[in-house]
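I have placed the structure first, in the form of structure tokens, so that the comments after it can refer back to it.
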Amino acid sequence: MTRPDLTGPFAKYTKPYEAAAVEGLVYAREIESGFFNPDKLPARFDNAPTWTTIMPPPNANGRLHAGHALDGTLKDVIGRYMRMKGHRVLILPGSDHAGFETQVVYEKKLEKEGRTRFGMDRDQLYKEIYDFTIANKDTITGEVKRIGVSADWSRDTFTLDPQVVSGVQDTFVKMFNDELIYRGKRDCNWCSKHQTSLSDVETVSKEFNTPFYTFKLGEFEIGTSRPETKFGDKYIVVHPEDSRYKKWNEGDQFTAEWINGPQTFTIIKDDYIDMEFGTGAMTITPWHSAVDFQIAQRHNLDMVQVIDEYGKLTEVAGALKGLRATTEGRKQVVEILKNKGLILKVNEAYKNVVPVCYKCETPIEPQLRDQWFVSMKPLAEKALAASKNGDISFVSDQFRKVYEYWMSNPIDWNISRQIVWGIPIPAWFKNKGTTEEEFTISKEQPDGEGWVRDADTFDTWFSSGQWPVATLGFSGEDFKKFYPTQLMECGRDLVFKWVPRMVIFGLYLTGKVPFKDIYLHGMVLDPKGQKMSKSKGNVMSPIDLADNFGMDALRMALLVGNTPGNDMSLAEEKVRAYKKFVNKLWNIARFVFENTTEADHDIEKTRSPLTERLFAAKEEIGKHIEDYQLHLASEAMYHYIWHDFADIVIEEIKKTLNNPEADEPTKKTARILLRGMFIEVLKMAHPFIPFVTEEIWVDMGKKELLMVEEW
RNA sequence: GGGCGAUUAGCUCAGUUGGUAGAGCAACUCAUUUACACUGAGAAGGUCGGGGGUUCAAGUCCCUCAUCGCCCACCA
């Protein structure tokens, strides 16, 4: 057969597909159309139902990583499909000031410059971090756009946008009035390096090899791995039913030689004590241990601060005051007790698991501090019910269990952070830190003299927890139109940090769950299955991969074989394989352009074995997407296009076109069929590989974008 | 200490109500101006981690063991 020359706009089909030359232009064309905005879709969407998902806002302090690319790809595939199926789709993008995280990043930068945040003017520090964040926010936003997410950038939201800040503060005021927030001295996770308290999700457990000492205290034997906290101990706690200590009654006292001389101890009985552990007797240090604090509260005991916020011993330590508690302090206490003959045993092989700051790994020193706490129990009960009764459902059931465990064991949430980078807590004090302390909860400065604003800022999860409500304006038009949303898709690492809080705030603020389905994807690992990290040097930049192989190829590599909730390892060869696939489609287009010029015909009614398989594949793909089984959907699409459309359909058509005995009407029918089927192929591929399909679509002579075609 | 996940072809992984094993990559054989070598055709490759059970039938359900990974954790 004669081969028509491809000229003009078709000349590019004589060469392999060049993603770099196409992607930016396609995305610009899509943005320009306005169709990412559900209010600006073509007329056929006028009375369409909405379909909404809110994007997890990436931290505005770094670069895009492979996890973000997966995140954006998954929701974009579903979003593009739902749009083609006739929904007014809203994918709402944003970015997070990421309070503590960003401050840590900035502190490292300051350190490199030989500076420190301590002693810096608050406003100056805030301004510096603000400028730093805004610059990075633009970088990361540009990188999210490269993924091709069909997000409505006209609704782009930043967690420090004035209406978000204002709404978050309103929530605090409302919760305080509803008695869901209280202020009080409670044990906090204190990081002595970062000089702030942290919530439980901001600490991680780490195992240390610490000697375990057994001391003689009067006639008791007391075990501890933390001798340096023992200065202020005045109580011996035993189990009420422990027969070894029957002769002692609660409140009985005795005096014994201790670190700084004779000390009087009081017997306390509490059934927290594990009789099997050690001697079944312990002393308590309420100021520096959450458990001890609870016991002390139950029995109304004295609490003494032994270690200050810099990790040094206080005046309770007498001569040892000012020593670093866990190092020199511990050493000297042990020395003193040894000299007094009070050490009975030392177990050097003892392994102790202690919480550390998740950023710097400094062991957390529990401290009693006045902070703002959220009473989690009443909130968690409702959020638990939402899962039990099916208002929210998890794509992977394993995460439902984790979520329900968290909601069944709520711990009151400390939302105060002693850092400048964050949303200010709308609280005002008089005589702060004294016994005459007074406070008022208000966004505006209260009337009267002497009010000082609370210097603390909110835990970043306090604002991002309200994200689905905040991005939709808390109330008003968008809120009415799009809330509750359909899908929350984010990394599985957020099952504790973020998801439960969004459900809690959603229910509290609106009475409705913020989303119906929760799709938690696994982590993207390196080719060896190891977690990517800067320190290991195995980070694969999605931007670099897209530069080399095209974003469509990367999207496919992230989708195929990636089951919901399971981690996946990403190798360059996989991306390369899908680059070939994208090129295959490109060459299919070339074949179509070389052989057909006929006007498009609807092949819906042209039933043949070839079209039956096409429509069956399309239906299967659609079903898998609706079931959130994107690994199956993407594979079915790949398989159909390569091994059916290319290998069978085109070969059949080719036979007809090359058959010297076939008459012209027969050939024409074949050409029309080819073109008609190809249009369906482009539609079925579009959600997965939007760039190349949109580009070919234009060359098909289409005026409207493929993204708004009917699936 | 508690929980979750994984274990299937050399590698990375699919396999959704139980019905005689699938894909991609790699390797092997063949094809050289065919829409496409970023290709096509073909062949090869697995006692589905071990053991036990339910069933007419188990990769799939149940029990148990092993190994690896992840998460949670206030025994001083």
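Reminder, nothing fancy here: chain letters follow the sequence lines and each chain counts from 1.
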Quick tally for nucleotides 66-76 of chain B: nucleotides whose base has a protein heavy atom under 4.0 Å get B, sugar-phosphate-only ones S, the rest -, giving ----SSSBBBB
Respond yes when some side-chain nitrogen or oxygen of [X] is under 4.0 Å from OP1 or OP2 of [N], and no when none is.
| X | N | answer |
| --- | --- | --- |
| His631(A) | rG15(B) | yes |
| Lys584(A) | rG40(B) | yes |
| His643(A) | rG24(B) | yes |
| Trp642(A) | rG40(B) | yes |

Return the value, rounded to whole Å, for the distance between atom NZ of Lys654(A) and atom C1' of rG40(B).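 Result: 9 Å.
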Looking only at heavy atoms, which two atoms of Thr210(A) and Ser225(A) are closest? And how far apart?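 Scanning both residues, the minimum pair turns out to be CG2-O, 3.9 Å.
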Proximity to the side chain of [X] - top-ranked nucleotide from [options]:
| X | options | answer |
| --- | --- | --- |
| Asp647(A) | rG15(B), rG40(B), rC25(B) | rG40(B) |
| Gln398(A) | rG24(B), rC4(B), rA6(B) | rC4(B) |
| Glu635(A) | rA23(B), rC38(B), rG15(B) | rA23(B) |
| Thr563(A) | rA35(B), rG15(B), rU16(B) | rG15(B) |

Is the distance between the ring centroids of Tyr13(A) and Phe593(A) under 6.0 Å?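 When the ring centroids of Tyr13(A) and Phe593(A) are compared, they turn out to be within the sub-6.0 Å range.
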Under 6.0 Å between ring centres, would you say that holds for Phe220(A) and Phe254(A)?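 Distance test on ring centres: under 6.0 Å, yes.
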Assess the residue pair Asp493(A) and Lys497(A) against the criterion (salt bridge (Lys or Arg N to Asp or Glu O under 4.0 Å)); give the C-alpha distance rounded to whole Å, side-chain angles, the decisive distance to 0.1 Å, and a yes or no. CA-CA 8 Å; Asp493(A) 53 326; Lys497(A) 284 185 171 149; 6.0 Å; no
Quick one: do Tyr638(A) and Tyr578(A) satisfy ring-ring contact (aromatic ring centres under 6.0 Å, His included)? Show the steps, please. CA-CA 9 Å; Tyr638(A) 173 97; Tyr578(A) 291 105; 5.4 Å; yes
Expressed in whole Å, how much space separates the [atom1] atoms belonging to [N] and [M]?
| N | M | atom1 | value |
| --- | --- | --- | --- |
| rU7(B) | rG59(B) | P | 15 Å |
| rA43(B) | rA14(B) | C1' | 23 Å |
| rC65(B) | rA57(B) | C1' | 26 Å |

Starting at NZ of Lys584(A), measure out to CZ of Phe645(A) and round the result to the nearest 0.5 Å.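 Answer for the NZ-CZ pair, Lys584(A) versus Phe645(A), is 11.5 Å.
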With a 3.5 Å distance limit and no angle check, can you tell me whether Ser289(A) reaches the backbone of Asp292(A) through a side-chain donor-acceptor pair?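 Pair found, side chain donor or acceptor close to backbone of Asp292(A).
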Whether the side chain of Thr203(A) engages the backbone of Asp200(A) through a donor-acceptor N/O pair (distance < 3.5 Å, no angle test) should be reported.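 Such a contact is found between Thr203(A) side chain and Asp200(A) backbone.
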Once pairs are restricted to Watson-Crick or G-U wobble with both distances under 3.5 Å, how does RNA chain B read as a dot-bracket string, [ ] for crossings and | for other-strand pairs? (((((((..((((.....[..))))..((((.......))))......(((((..]....))))))))))))....
Check the pair Glu202(A) / Lys359(A) against salt bridge (Lys or Arg N to Asp or Glu O under 4.0 Å), numbers first and verdict last. CA-CA 8 Å; Glu202(A) 288 164 319; Lys359(A) 280 288 154 194; over 6 Å; no
